[in-house]
Amino acid sequence: LQAKFCKFRPFFGKANRMHLHSLPWSDYPLVVQNFLGEEGFSEAGVSLSYLIPNPADIFSELTFEVFNNNDSTVFGGGEEAEVVYLGHLKNFFDITDVTSLEVGGSVMFGENENSNGADTKVAGVDVTFNTEIFDGLRTTSHTEALFSQREDTFGGEEDSWGMFTSLEQQIADRWWAFGRYDFSQSPTDSMTDTHAYSTGLTFAQSEYVFWRAMYTHTDNDMAEDTNTVWLQMDFSIG
């Protein structure tokens, strides 16, 4: 049993939990940016986690959190007293010595900025698979999907969703290649679809320094398509 009271990243999915320097890509997936904020969702609140005992001896963790609303997310912010409630279930399976599977489910709800007590409900599922397709070289796959139901002032609702899937392949001791596909609707307009295709290369110079290059092509429904090149260097001192 574990509890914390602080500013933290809510336990929704996997990507939102990671700080920017911990991501295997140079930016957050579109679904995280559009629904949870450009740099993910981070707020002050209370978190309680419980490791569920079970006869199969599977790592199964249940988390409940209450934290402040945020106007950069699908909830849209509101009164200072408003909060968001979240529940997350994480299951981790050791399949072999080199293969593991993590499956998580998340739900959260709270009032949005629309009047008359309009609510937003969000559900998500995340799957992470780790193995070694080539001897001694890691292969990791991340997939997440998010589904949102957002009420308006007049009792109507906007149902929208987004997802991403990525594959990271270690190609040498210090080199990783990766690709990612993103799809996301707008939280306030389910008719607006955006697709993005990314690929890149990471060089881990040491435990504390890495270099990364990434290219992204984005297909926008309501604007011109864009092409982005990232050149990233990350280092730690201390």
Side-chain angles (χ1 to χ4, degrees), residues 9-10 12-42 70-74 102 124 126-134 136-146 148 160-238:
R9 290 181 170 271
F12 191 96
K14 287 277 289 186
N16 181 68
R17 293 269 295 167
M18 301 179 187
H19 291 275
L20 188 60
H21 66 271
S22 301
L23 293 173
W25 328 284
S26 294
D27 65 347
Y28 286 95
L30 283 176
V31 64
V32 175
Q33 296 186 45
N34 289 345
F35 287 83
L36 303 179
E38 186 176 347
E39 295 187 1
F41 197 169
S42 178
N70 190 315
D71 59 7
S72 67
T73 70
V74 65
E102 181 181 326
D126 58 272
V127 179
T128 304
F129 181 71
N130 272 289
T131 189
E132 288 184 5
I133 296 178
F134 308 104
L137 301 175
R138 299 299 297 167
T139 303
T140 304
S141 173
H142 297 271
T143 300
E144 289 192 38
L146 179 154
S148 167
S160 53
W161 75 289
M163 59 82 64
F164 76 88
T165 185
S166 76
L167 181 67
E168 299 100 50
Q169 176 61 56
Q170 186 181 12
I171 56 178
D173 286 346
R174 298 186 180 186
W175 290 90
W176 290 77
F178 61 88
R180 191 184 78 205
Y181 166 71
D182 292 15
F183 167 80
S184 179
Q185 297 177 336
S186 168
T188 56
D189 182 7
S190 60
M191 301 301 292
T192 303
D193 296 350
T194 305
H195 303 261
Y197 311 86
S198 303
T199 186
L201 197 64
T202 300
F203 171 63
Q205 180 177 327
S206 72
E207 183 181 354
Y208 307 103
V209 181
F210 72 80
W211 302 76
R212 178 174 294 145
M214 187 174 92
Y215 165 75
T216 301
H217 173 77
T218 306
D219 291 332
N220 298 296
D221 263 3
M222 307 302 292
E224 291 186 3
D225 295 350
T226 60
N227 296 285
T228 308
V229 175
W230 295 83
L231 297 175
Q232 178 184 4
M233 188 269 283
D234 187 282
F235 63 91
S236 303
I237 296 177

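Treat the numbers as computed from the prediction; the structure is a model and nothing was measured.
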Check your understanding: Given side chains that start at C-beta, do those of H142 and F129 come closer than 4.5 Å, heavy atoms only?
Key -> no
Check your understanding: Does the side chain of I171 reach to within under 4.5 Å of the side chain of W176, using non-hydrogen atoms?
Key -> no
Exercise for review: Quick one: pull up CG in L146 and CG in L36 and give me the separation to the nearest 0.5 Å.
Suggested key: 6.0 Å
Point to revise | Test side chain to side chain donor-acceptor pair (under 3.5 Å) applied to D189 and S186, step by step | key: CA-CA 5 Å; D189 182 7; S186 168; 5.8 Å; no
Exercise for review: Ignoring hydrogens and angles, state whether a donor on the side chain of H21 or D234 is under 3.5 Å from an acceptor on the partner side chain.
Suggested key: no
Check your understanding: Does the side chain of S190 pick up a donor-acceptor pair with the side chain of S160 at under 3.5 Å?
Key -> no
Practice item. May I have the step-by-step check of side-chain contact (heavy atoms from CB on, under 4.5 Å) for R138 and Q169, ending in yes or no? Key: CA-CA 6 Å; R138 299 299 297 167; Q169 176 61 56; over 6 Å; no
Check your understanding: Between OG1 of T143 and NZ of K14, what distance do you get to the nearest 0.5 Å?
Key -> 12.0 Å
**Study point:** Crowding at CZ, F235 (>12 non-hydrogen neighbours, <6.0 Å)
**Key:** no
Check your understanding: Where do T202 and R212 land on the side chain to side chain donor-acceptor pair (under 3.5 Å) test, with the steps shown first?
Key -> CA-CA 4 Å; T202 300; R212 178 174 294 145; 2.7 Å; yes
Review point. Between W230 and Y215, is the gap from one ring center to the other below 6.0 Å?
Key: no
Revision key, fill the gap. Here the pair of heavy atoms bringing L20 nearest to Y28 is N-OH, 3.3 Å
Practice item. Go through the steps to decide whether F178 and T199 satisfy the test side-chain contact (heavy atoms from CB on, under 4.5 Å), and finish with yes or no. Key: CA-CA 6 Å; F178 61 88; T199 186; 6.0 Å; no
Check your understanding: Less than 4.5 Å apart, any side-chain heavy atom of V229 and any of M214?
Key -> no
**Study point:** Expected output: side-chain Q205 to main-chain V209 donor-acceptor under 3.5 Å
**Key:** no
Practice item. Nearest 0.5 Å please: distance from the CD atom of Q33 over to the OG1 atom of T194. Key: 10.5 Å
Exercise for review: Look at the side chain of S206 and the backbone N and O of Y208, then say whether any donor-acceptor pair between them is shorter than 3.5 Å.
Suggested key: yes
Check your understanding: At their closest point, which heavy atom of N34 faces which heavy atom of Q185, and how far apart are they?
Key -> ND2-O, 3.9 Å
Study note, to complete from the structure: For S148 and F35, the nearest pair of non-hydrogen atoms, with its separation, is CB-CE2, 3.6 Å
Point to revise | Exercise: identify the closest heavy-atom pair between A196 and T218 | key: CB-OG1, 3.9 Å
Practice item. Give a yes or no on whether the ring-centroid distance for W175 and F203 is below 6.0 angstrom. Key: yes
Point to revise | Side-chain heavy atoms of M233 within contact of F210, under 4.5 Å | key: no
Point to revise | Step-by-step side-chain contact (heavy atoms from CB on, under 4.5 Å) determination, M163 to Y181 | key: CA-CA 8 Å; M163 59 82 64; Y181 166 71; 3.9 Å; yes
Exercise for review: Quick one: closest heavy-atom pair of M191 and D221, and the distance?
Suggested key: O-OD2, 3.7 Å
Check your understanding: Hey, mind stepping through D27 and R180 against salt bridge (charged side-chain N to carboxylate O under 4.0 Å, His left out) and telling me if it holds?
Key -> CA-CA 11 Å; D27 65 347; R180 191 184 78 205; 3.1 Å; yes
Practice item. Answer yes or no: is there a donor N or O on one side and an acceptor on the other, between the side chain of D193 and the main chain of S184, under 3.5 Å? Key: no
Exercise for review: Apply side chain to side chain donor-acceptor pair (under 3.5 Å) to S166 and E168, showing your working.
Suggested key: CA-CA 7 Å; S166 76; E168 299 100 50; 2.6 Å; yes
Point to revise | Polar side-chain atom of N16 near backbone of G40 as donor-acceptor pair, under 3.5 Å | key: no
Exercise for review: Give a yes or no on this: more than 12 heavy atoms of other residues, nucleotides or ligands lie within 6.0 Å of atom CG of D173.
Suggested key: no
Revision key, fill the gap. Smallest heavy-atom separation, V31 atom then F183 atom, equals CB-O, 4.3 Å
Practice item. Starting from the C-alpha separation in whole Å, work towards a yes-or-no answer on side-chain contact (heavy atoms from CB on, under 4.5 Å) for Y197 and T216. Key: CA-CA 6 Å; Y197 311 86; T216 301; over 6 Å; no
Point to revise | Distance (rounded to the nearest 0.5 Å) between E144 CD and D126 CG | key: 5.0 Å
Check your understanding: Going by heavy atoms in the side chains, are T139 and L167 under 4.5 Å from each other?
Key -> yes
Check your understanding: Taking the six-membered ring for Trp, are F164 and W25 ring centroids under 6.0 Å apart?
Key -> yes
